[in-house]
Structure formats: structure tokens, C-alpha cells
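Some notes on the structure that comes next.
This is a predicted model, so every value here is computed, not measured. Position 1 is the first residue of the sequence; numbering continues from there. Just so you know, ligand 1 is whichever comes first in the structure, and atom 1 is the first atom listed for that ligand.
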Amino acid sequence: MAIVDFDMSGAQSFISENEMSQLRNETEDACVKLASKTGAGNDFLGWYDLPLRPDGDYCRLKAAAEKIRKDSEVLVVVGIGGSYLGARAVIEALTDPFANARALAGEGGTAVIFAGNSISPVYLSSVLDIVKDRDFSVNVISKSGTTTEPAVTFRFFKELLEKKYGRKGAAERIYATTDSSRGALKKMADAEGYETFVIPDDVGGRFSVLTPVGLLPVAVAGIDTDALLAGAREAFGEYNEAAFDVNACCRYAAARTALYRQGKSVELLVNYEPGLHFLTEWWKQLYGESEGKEGKGLFPAGCDFTTDLHSMGQYIQDGARIMFETAVEVRVPERDLVIGSDADNYDGLNYLAGRSMDYVNKQAAKGTAMAHIDGGVPNLKVSVERLDARSVGGLIYFFERACAVSGYMLGVNPFNQPGVEAYKKNMFKLLGKPM
Ligand code: PA5
């Protein structure tokens with residue numbers, strides 16, 4: 001069974017097989033460019049075969065995670081963008097939705113709390129309140145080592161740790177994930193003696209989840225990182241070998257390109273599992289930063305269903321016909337419940353008695369896709385059998401690789417992000433940063 005299945009039957013009335021075959025050569029050319037490292041941004045292709053190359057520090061990383069799980073009630077992960085979203089996506093997909101609450105209540109495990117992903121003093125104050133009377137460690141993640149949000153945030157946690165444990169004790173609880181040789185964070189880590197993990201030079205932030213950027217927090221959350229990497233490895237093998245007609249990754253890239261060229265300007269990634277909310281956030285960054293340039297690119301948006309059907313459903317069904325939907329389906333839920341029968345049946349729900357919640361969820365997904373297709377919203381479907389570490393590793397690699405192929409088909413360099421600098425320039429000027 002494929003690790004990730006792709007089904008475009010919900011887009012049949014929008015993309016003909018003829019259109020797909022016309023895209024075959026173009027898609028295959030993009031794949032060749034990627035594999036032969038001859039496309040734009042080819043110095044940032046370290047992620048491409050990353051699952052095949054075990055990180056030299058992987059055992060040390062696992063030992064660090066074990067130490068943190070033993071000596072810390074909380075791990076604060078400080079980072080933003082590509083140094084944040086991947087770890088959160090994996091953790092939220094694979095852990096109990098209330099894992100942090102349970103850990104903080106002393107029911108076991110280390111709570112993994114993210115900070116440095118905004119400049120909100122309200123949020124930061126709350127995290128500081130949570131950790132001040134608890135044993136905690138910090139994993140500060142920044143490839144450049146100079147990003148304002150995590151750098152400012154880290155100052156607060158460093159100060160608190162030093163107050164609680166002394167400078168040396170604090171240094172034993174700070175883990176820096178950064179560049180191998182450059183940047184302010186690397187300099188500080190070396191000077192203070194923090195344990196460091198390296199973000200490879202040739203892996204950009206949004207492609208870095210399977211490096212220590214994602215793996216350390218994910219391991220602290222108790223997730224099987226071996227299985228995560230094995231899933232990505234499996235996906236790599238599949239997309240290298242499978243021909244276009246059965247290659248899920250190539251077909252997804254081709255289908256979204258076909259819809260973009262028909263004038264669809266928004267791709268909506270939807271899920272029916274709240275744990276996938278941050279996978280969508282990660283995907284939004286991956287596709288938004290990779291494709292949105294030179295006046296081109298699909299706008300990546302996301303919805304959590306059925307929740308957002310009660311807020312965004314009207315627009316999707318009936319508003320401007322500018323979008324298509326890509327649904328992420330989990331075929332078998334990790335847990336399920338059977339709906340009971342009620343003698344009074346006031347709510348009229350006895351017709352569902354004996355049915356599982358998952359059955360109802362799946363019918364909601366089918367009914368929604370049918371309604372949206374009828375309303376002019378093509379539906380692509382990406383499925384995994386279960387939401388386990390292997391499948392999530394596969395999904396990550398599937399989306400990363402399809403993103404690179406799509407980017408080449410769009411004619412952009414999918415691995416740079418020149419637009420991200422504009423707001424920083426203005427902010428630094430307003431803040432009076434010495435240049
Ligand atoms: O994908 C990217 O390059 C960005 O989103 C970065 O990850 C983000 O700006 C954080 O950068 P850094 O890791 O250098 O702090």
C-alpha cells in the first residue's frame with residue numbers, strides 16, 4: 001500500500017485526462033531538474049534525500065531529548081516560521097490534544113510549549129508564568145541566528161533560567177539549533193557552552209522539519225522519530241520509482257498546476273481532524289514562501305472541517321469561484337466512539353445509534369466534497385491510512401517534493417524568499433536598529 005494516496009476523481013469534471021497527459025512531460029522535466037540538481041536554487045536541495053542520510057548527531061539528539069524528558073516538566077521551543085511550524089505540525093498531529101495540559105498537571109511527559117513565534121507580550125508573559133516555578137529547558141532554533149522574534153524571546157528565558165539555575169546550570173538546559181558556523185546564536189552557544197544541533201547549510205527553514213529543527217522537539221514530545229524518518233524514506237523511494245500515471249507526488253503537482261492555469265488562484269487545504277490544523281499551517285508556509293513570487297503562485301489557505309464549514313462554508317460553496325480544495329484524509333482514526341441509542345430521542349439522533357463518530361465524520365467529508373464540486377470547487381484528495389509517525393513522515397516528504405516540482409513548473413525558484421525581508425527592513429528602521 002502506498003504511504004500517501006492521491007485521488008483526483010473530485011476534479012474529473014475540471015481537468016481532463018488529456019490535460020493531465022499534456023502536463024506529463026512538463027512534470028517529468030521538473031522532476032529531472034530536481035533529481036539532477038540543475039534547477040534554480042539547487043544549492044538548497046539538502047532536504048531532497050535527507051531521509052536517506054542519517055544525521056551524524058542523531059544519537060546525541062535522542063540522548064538530549066531523553067535528558068530533557070527526565071529533568072524538565074516543560075520544554076520551551078523558541079523559533080518562528082520554518083524554525084517552528086514543522087515541529088508543531090508533527091507534535092499536534094501525533095500527540096493527545098491535551099498532552100500539554102496532562103504534563104503540566106503532573107500526569108507524565110514533558111509539555112512542549114512554543115514561543116518566539118510572535119512579538120506578543122501577553123503570550124510571552126503567560127509562558128514565563130507557566131515555567132517560572134517548574135523545571136524547564138529551552139530549545140532555541142534559528143538558522144540565521146538573528147531573527148528578531150525568537151532572539152528577543154530567548155533573552156527572557158535565558159534570564160529566567162540563569163536566575164533559577166545559575167549561569168552554568170542554565171547552559172545545561174539550553175539547546176541551540178542553528179547554523180554550523182555563522183550567526184549570533186552560534187556565537188552565543190559556543191561562548192556559553194550550550195549543546196548545539198546543526199541546521200544543514202543546504203536546507204532552507206521551511207524544508208527543515210526532518211533535521212534537528214523538528215526532530216528534537218518531536219522526540220521530547222515522545223514521538224517515534226525513527227518511524228517518522230522511515231516514512232519519509234519510504235515516500236522518497238516511491239516517488240523516485242513510480243511512473244507519472246501512478247506517482248502520487250507528480251500527479252498532485254500536475255493537478256494543482258492545471259487548476260492554477262485554469263484561473264484558480266487559491267488552494268484550500270482541508271482536514272477533518274483537529275490534530276492536522278498545524279500541518280496546514282506548515283503547508284501554508286511551505287507553498288506560500290516557495291511559490292508566491294514574481295506576481296505568481298496559488299494562494300495557500302486552510303480550513304479545519306467540519307468546524308469551518310460553519311464559518312467559511314458559505315463562501316466556499318457560493319462565493320467567488322477562485323479556489324480548489326485539497327482534502328487530507330485519515331482513513332482509520334486512532335480512536336473512535338460508537339453513538340448510543342436514547343430512549344427519549346429528543347434530539348432525533350437515534351438514526352445514528354450504533355454508528356461510529358468516524359463514520360459520521362467520513363459522510364460529512366463525502367457530502368462536503370460533493371457539494372463543493374457541484375458548486376464549482378474541484379476536490380483533490382491526499383490520504384493516509386492512519387495518523388501515525390510513519391504516515392506523517394510520508395506526508396511531509398510528499399508535500400515537500402510536490403512543492404519543489406510545482407515551483408519549477410511555475411517557473412520560479414522554490415527555495416528563496418526575497419519577499420520576507422521587506423517588513424523586516426521597515427521594522428528595523430522604525431525601531432532604530434543600528435545598521
Ligand atoms: O523558511 C524560512 O526561511 C523562514 O520562514 C525562516 O524559517 C524564518 O524566518 C526563521 O528564520 P531563522 O531560522 O533564521 O530564525
If the criterion is any heavy atom closer than 4.0 Å to an atom of ligand 1, which residues make the list?
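Ligand 1 is contacted, at a heavy-atom distance under 4.0 Å, by Ile80, Gly81, Gly82, Ser83, Ser142, Lys143, Ser144, Thr147, Gly205, Arg206, Gln285, Glu289, Gln417.
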
Less than 4.0 angstrom from a charged side-chain N to a carboxylate O is my criterion; do Arg256 and Glu267 meet it?
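Salt bridge flag = yes for Glu267 with Arg256.
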
Write out all pairs satisfying ring pair (Phe, Tyr, Trp, His ring centres under 6.0 Å) with one or both partners inside residues 125-175, taking only residues at least two apart or from two chains.
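Every pair satisfying ring pair (Phe, Tyr, Trp, His ring centres under 6.0 Å) with a residue in residues 125-175: there are none.
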
Between Thr225 and Tyr58, do the side chains contain a donor N or O and an acceptor N or O under 3.5 Å apart?
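Looking only at side-chain atoms, Thr225 and Tyr58 do form a donor-acceptor pair, the distance falling under 3.5 Å.
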
I would like to know whether Cys303 and Ile316 meet side-chain contact (heavy atoms from CB on, under 4.5 Å); could you show each step before the answer?
CA-CA 10 Å; Cys303 278; Ile316 300 167; 4.2 Å; yes

Step by step, work out the salt bridge (charged side-chain N to carboxylate O under 4.0 Å, His left out) result for Lys296 and Glu291.
CA-CA 7 Å; Lys296 299 192 263 191; Glu291 294 194 316; over 6 Å; no

Phe428 atom CZ, over 12 foreign heavy atoms within 6.0 Å
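Enclosed: over 12 neighbouring heavy atoms sit under 6.0 Å from CZ of Phe428.
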
